[in-house]
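Step one of this worksheet: look at the structure below.
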Protein chains: 2
Amino acid sequence: MIRLLLADDQALVRGALSALLGLEPDLEVVAEVGSGDEVVAAVLAHHPDVALLDVEMPGLDGIAAAAALRQAAPDTRVLIVTTFGRPGYLRRALQAGASGFVVKDTPAAQLADAVRRVHAGLRVVDPALATDSLVAGDSPLTARETEVLQAARDGSPVAAIAARLFLSEGTVRNHLSAAIGKTGATNRAEAVITAEGNGWL
Amino acid sequence: MIRLLLADDQALVRGALSALLGLEPDLEVVAEVGSGDEVVAAVLAHHPDVALLDVEMPGLDGIAAAAALRQAAPDTRVLIVTTFGRPGYLRRALQAGASGFVVKDTPAAQLADAVRRVHAGLRVVDPALATDSLVAGDSPLTARETEVLQAARDGSPVAAIAARLFLSEGTVRNHLSAAIGKTGATNRAEAVITAEGNGWL
DNA sequence: CCCCGGCCATGACAACTGTCATGGCGCAGT
DNA sequence: ACTGCGCCATGACAGTTGTCATGGCCGGGG
């Protein structure tokens, strides 16, 4: 019997995945949580063999939760299940100690298998996504550039970003300019979009 | 036996929902499709009683598919199941003839009930979302303004938008300015974000 | 009929944005 | 010690954006 924990902020999806996996005779969902913050506590309480974590969650995201689990419960293996197959997500997930990475448009029949493989100590990675991750490469953005781009996501003008980050407006413009150049964009908005698409934010 | 059709582009979610609903003794999933374009054909082929449609799908979105179903198979009731509880989505879904509207963070246990209610001819609408929809009101944007804002989503400069829409740059700026004013934004990017959040695009 | 509102356009102005050159500070690697 | 690089800052310039006034064209409602 493989014991599972599910973490996904969408209750309906969480419940549905639970139903799906519950159909398998050798799988058993022992805990469900709706935010990344609850993951560690739930794992310590229920000792699942495998934790299925969504990336997009309130509080700690799935990748951060995976990293926290590596510390708190190294025996629990992590399978990331996410909507977006962004190259940067995969890379960061693996660095955080995840054993598998599955996108939500893989066929439902394959999920149970992925869980079993992860439980058996194997790595599970969508091959198409892995190659994407290779070609896209690691984020070229420095820490500050990333931070400034994040602050620019909501369309704030330079002045607001500068105030929020306690920087001068000129510095913000420089970082943005660098980010625009590195992302191949011509534009702040474009830079945000491509950085997000690559999982760099 | 209530016969169901599921439409969701994420195969894993689709399969999981199928498993969840399949647990109910009085429900039966008779068809699953992964895009809005396939909905009408699948409904005509399998005659489900209720169609569960996701809004975000390639091809026809769930709302457009609901409208198409009203024409092609008026006996099949539509329950929209979506990630985003955007006021405009709800309004447009109801106008398109949907009988119910459920957000993906409602508890899994309630979905089957929602299906039964819809099948019984009742309307199912999240009350919190309904009030949101009332306060947010209908889109204040004119057709052109909407179109221009859509074209601005990817961060294109005015010149590119003008070229794509065969308008003069000045006109595009005027429409954008109007949209910015109506959305309460100070900014093109902000205007895009709030318009999207309200389901106006 | 006349007026209002949506739509298109032009032109002008102020504000914001993106780029570049330049310089200082600190930290790592050679 | 020197070099390279990230980070912060300033100032200047050209290009883009947002606003406003103005005007023409059309269709619907009073």
Side-chain angles (χ1 to χ4, degrees), chain A residues 88 91-92 95 136-201, chain B residues 88 91-92 95 136-201:
Chain A
R91 165 174 267 112
R92 281 192 280 151
Q95 280 169 353
D138 209 349
S139 172
L141 304 175
T142 68
R144 265 310 199 196
E145 284 160 6
T146 309
E147 203 176 350
V148 172
L149 247 200
Q150 282 170 344
R153 274 201 284 201
D154 58 1
S156 307
V158 170
I161 301 174
R164 214 179 315 164
L165 267 49
F166 305 105
L167 291 175
S168 92
E169 301 192 10
T171 302
V172 170
R173 289 218 296 256
N174 287 338
H175 285 308
L176 280 175
S177 185
I180 291 167
K182 289 179 180 178
T183 53
T186 60
N187 197 317
R188 184 187 315 194
E190 264 184 52
V192 168
I193 292 169
T194 75
E196 270 179 348
N198 283 322
W200 292 341
L201 292 192
Chain B
R91 164 173 269 112
R92 281 192 280 151
Q95 279 169 354
D138 211 348
S139 172
L141 304 175
T142 68
R144 266 308 198 198
E145 285 159 6
T146 308
E147 202 176 349
V148 172
L149 247 200
Q150 281 171 345
R153 274 201 283 202
D154 59 0
S156 306
V158 171
I161 301 174
R164 213 179 315 164
L165 267 49
F166 306 104
L167 292 175
S168 91
E169 301 193 9
T171 302
V172 170
R173 290 219 295 253
N174 288 338
H175 285 308
L176 281 176
S177 186
I180 290 167
K182 289 179 180 177
T183 52
T186 60
N187 199 312
R188 186 188 314 193
E190 263 184 54
V192 168
I193 292 170
T194 75
E196 270 179 346
N198 284 324
W200 292 340
L201 293 191

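Residue numbers begin at 1 in each chain, while the letters A, B, ... track the order of the sequences.
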field: Boundaries of the chain B footprint along DNA chain C (any atom under 4.0 Å from a heavy atom)
entry: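 Nucleotide range with atoms under 4.0 Å of chain B: dG6(C) to dA12(C).
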message: Please find the pair of heavy atoms, one from Ala191(B) and one from Leu149(B), that lie closest to each other, and give the distance.
response: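 Looking at all heavy atoms of both residues, the closest pair is O-CD1, 4.0 Å.
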- request: Looking only at non-hydrogen atoms, find the nearest pair between Gly155(A) and Asn187(B) and report the distance.
  value: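 Heavy atoms of Gly155(A) and Asn187(B) come nearest at O-ND2, 2.7 Å.
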Thr186(A) versus Glu190(A), side-chain donor and acceptor atoms under 3.5 Å: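 The criterion, which ignores hydrogens and geometry beyond distance, is satisfied for Thr186(A) and Glu190(A).
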message: For Arg164(B) and Ser156(B), which I'm curious about, is there any donor-acceptor pair between the side chains at under 3.5 Å?
response: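 Yes, a side-chain donor-acceptor pair sits under 3.5 Å.
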query: Near DNA chain D, which residues from residues 154-171 of chain A have a heavy atom under 4.0 Å away?
result: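 Residues of residues 154-171 of chain A that come under 4.0 Å of DNA chain D are, in numerical order, Leu167(A), Ser168(A), Gly170(A), Thr171(A).
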- prompt: If you measure from NE2 on His175(A) to CG on Leu165(A), what distance do you get to the nearest 0.5 Å?
  reply: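 Atom-to-atom, His175(A):NE2 and Leu165(A):CG are 8.5 Å apart.
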- request: Quick one: pull up CZ in Arg144(B) and CD in Glu147(B) and give me the separation to the nearest 0.5 Å.
  value: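 One finds 4.5 Å between CZ of Arg144(B) and CD of Glu147(B).
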message: So, does His175(A) get its side chain near the phosphate of dC8(D), meaning an N or O under 4.0 Å from OP1 or OP2?
response: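 True: His175(A) side-chain N/O within range (under 4.0 Å) of dC8(D) OP1/OP2.
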So, [X] side chain and [Y] main chain: donor-acceptor pair closer than 3.5 Å or not?
| X | Y | value |
| --- | --- | --- |
| Thr171(A) | Leu167(A) | no |
| Glu145(A) | Thr142(A) | yes |
| Thr183(B) | Ala179(B) | yes |

query: Mind checking whether Asp138(B) and Trp200(B) have side chains closer than 4.5 Å, heavy atoms only?
result: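 Not in contact.
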query: Looking at side-chain heavy atoms only, is the closest gap between Arg188(A) and Ile193(A) below 4.5 Å?
result: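 No, side chains not in contact.
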message: Mind checking if Arg144(B) touches a base, just sugar-phosphate, or nothing, with heavy atoms under 4.0 Å?
response: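 Sugar-phosphate: the residue Arg144(B), judged by heavy atoms under 4.0 Å, touches backbone atoms but no base.
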Starting from [atom2] on [N], measure out to [atom1] on [X] and report it in whole angstrom.
| X | N | atom1 | atom2 | value |
| --- | --- | --- | --- | --- |
| Arg173(A) | dC8(D) | CZ | C1' | 14 Å |
| Glu147(A) | dC8(D) | CD | C1' | 13 Å |
| Glu145(A) | dG6(D) | CD | P | 8 Å |

- prompt: 5'-most contact on DNA chain C: Ala143(B) or Asn174(B), nearest heavy atom basis?
  reply: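 Upstream on the strand: Ala143(B).
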- prompt: Under a 4.0 Å heavy-atom cut-off, which of residues 176-197 of chain B touch DNA chain C?
  reply: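 The stretch gives none, as no residue of it lies under 4.0 Å from the strand.
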